[in-house]
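To keep things clear, I will list the structure first and then write my remarks on it.
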Amino acid sequence: GVAGQWLDAAAHLRRAIAAQPLPDSARGDPCPICASRLLLIDTYAAADSLPAALRVAEGLVRMRPHSRLAWLAYSHVLSASGRYDAARAAIDTGTRYASGTDDDVIEYAQIAIRSGNYDLADRLLTTQAQTGNGNSRHDAVWFLVISLRAQGRLHEALQMAEGTMRAGEPSSTHGSGISRLAEAQVLFE
């Protein structure tokens, strides 16, 4: 996908996928082909080819039906396609194969933001920002800033980026400076 040549990159990824052996999902072997498929999904999404991304994501969940990561990728494409109920169902399916309820809250909130259900998103994210672990608290504040921006509440988004988000950076392993990125985006808008 260098320099926006997404479809050229997709062609290379498809060839790489075709050359790789299929994993033995029964044994839970590492899955290099899965990593390539995840990258192909992102490449198609970046190229605004959601139908192609959806086909690859559907194939990945068929190939790795017990992979939380496969179900999350599928959920992301469904959400980007406006299929919010199906996206939530995909998260629910993926949750059966891993314990990650903090991540699920963030995933549900992202779908709520995308669907314009800001009240739900803000409730989920506010609760997560208060009760989650360091990384999930930080992620919740990040998406709260995004939600506020999407609602046109730029002054509140800026206050959150400069205050709550910056103050929470030491408890997160995401690194410092993310709050400055959020702040810059709000100022740009």
Side-chain angles (χ1 to χ4, degrees), residues 1 4 6-7 9-10 13-14 17 31 33-129 131-133 135-153 157 160-161 165 174 178 181-182 185-186 189:
W6 304 113
L7 296 179
L13 282 166
R14 285 192 312 272
I17 290 167
C31 184
I33 195 171
C34 297
S36 298
R37 285 180 186 236
L38 289 168
L39 187 55
L40 184 58
I41 291 166
D42 290 342
T43 301
Y44 279 134
D48 289 330
S49 184
L50 291 177
L54 189 58
R55 283 190 302 275
V56 176
E58 288 167 342
L60 183 57
V61 295
R62 277 192 307 275
M63 184 174 66
R64 293 298 250 204
H66 298 141
S67 167
R68 176 171 167 71
L69 192 54
W71 284 103
L72 284 176
Y74 185 44
S75 172
H76 292 167
V77 178
L78 289 166
S79 179
S81 301
R83 296 172 55 192
Y84 307 117
D85 290 338
R88 284 186 286 274
I91 292 171
D92 292 341
T93 300
T95 299
R96 292 183 210 148
Y97 307 114
S99 62
T101 56
D102 281 359
D103 291 340
D104 288 352
V105 171
I106 302 295
E107 294 292 336
Y108 288 124
Q110 288 178 68
I111 293 169
I113 291 169
R114 184 165 274 167
S115 68
N117 190 347
Y118 301 114
D119 289 338
L120 174 61
D122 293 353
R123 274 195 316 275
L124 290 170
L125 294 168
T126 299
T127 300
Q128 192 66 31
T131 62
N133 65 39
N135 284 341
S136 66
R137 282 194 316 266
H138 197 262
D139 288 346
V141 174
W142 170 264
F143 285 105
L144 268 169
V145 170
I146 291 172
S147 178
L148 291 168
R149 285 178 28 224
Q151 295 171 63
R153 297 165 56 188
M160 185 160 288
M165 190 172 199
H174 293 327
I178 301 298
L181 179 62
Q185 184 63 43
V186 174
E189 292 173 7

Taking the side chain as every heavy atom from C-beta outward, state whether [X] and [Y] have any pair of such atoms under 4.5 Å apart.
{"X": "Leu125", "Y": "Ile113", "value": "yes"}
{"X": "Phe143", "Y": "Ile106", "value": "yes"}
{"X": "Leu181", "Y": "Trp142", "value": "yes"}
{"X": "Leu60", "Y": "Met63", "value": "yes"}
{"X": "Ile91", "Y": "Thr95", "value": "yes"}
{"X": "Arg137", "Y": "Gln128", "value": "no"}

For the residue pair [X] and [Y], what are the closest heavy atoms and their distance?
{"X": "Ala161", "Y": "Val145", "answer": "N-CG2, 4.0 Å"}
{"X": "Arg64", "Y": "Cys34", "answer": "CG-SG, 3.5 Å"}
{"X": "Gly94", "Y": "Trp71", "answer": "CA-CB, 3.6 Å"}
{"X": "Leu78", "Y": "Ala90", "answer": "CD1-CB, 4.2 Å"}
{"X": "Ala73", "Y": "Leu38", "answer": "CB-CD2, 3.5 Å"}
{"X": "Ser147", "Y": "Tyr118", "answer": "OG-CD2, 3.6 Å"}

Roughly how far, to the nearest 0.5 Å, is the [atom2] atom of [Y] from the [atom1] atom of [X]?
{"X": "Arg149", "Y": "Leu144", "atom1": "CZ", "atom2": "CG", "result": "12.5 Å"}
{"X": "Ser136", "Y": "Asp104", "atom1": "OG", "atom2": "CG", "result": "11.5 Å"}
{"X": "Met165", "Y": "Asp139", "atom1": "CE", "atom2": "CG", "result": "8.5 Å"}
{"X": "Thr93", "Y": "Leu72", "atom1": "OG1", "atom2": "CG", "result": "10.5 Å"}
{"X": "Arg37", "Y": "Asp42", "atom1": "CZ", "atom2": "CG", "result": "14.5 Å"}
{"X": "His138", "Y": "Asn133", "atom1": "NE2", "atom2": "CG", "result": "12.0 Å"}

Candidates Asp119, Asp122, Ile146 - the one meeting side chain to side chain contact (heavy atoms under 4.5 Å, CB included) with Gln151 | Asp122

Just grab all the salt bridge (Lys or Arg N to Asp or Glu O under 4.0 Å) pairs involving residues 75-88, residues at least two apart or on different chains.
->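 Residue pairs passing salt bridge (Lys or Arg N to Asp or Glu O under 4.0 Å), neighbours aside: Asp85-Arg88.
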
Mark yes or no for whether Ser79, through its side chain, and Ser75, through its backbone, hold a donor-acceptor pair below 3.5 Å.
-> no

Would you check, one step at a time, whether the test side-chain contact (heavy atoms from CB on, under 4.5 Å) holds for Leu54 with Tyr74?
-> CA-CA 7 Å; Leu54 189 58; Tyr74 185 44; 3.6 Å; yes

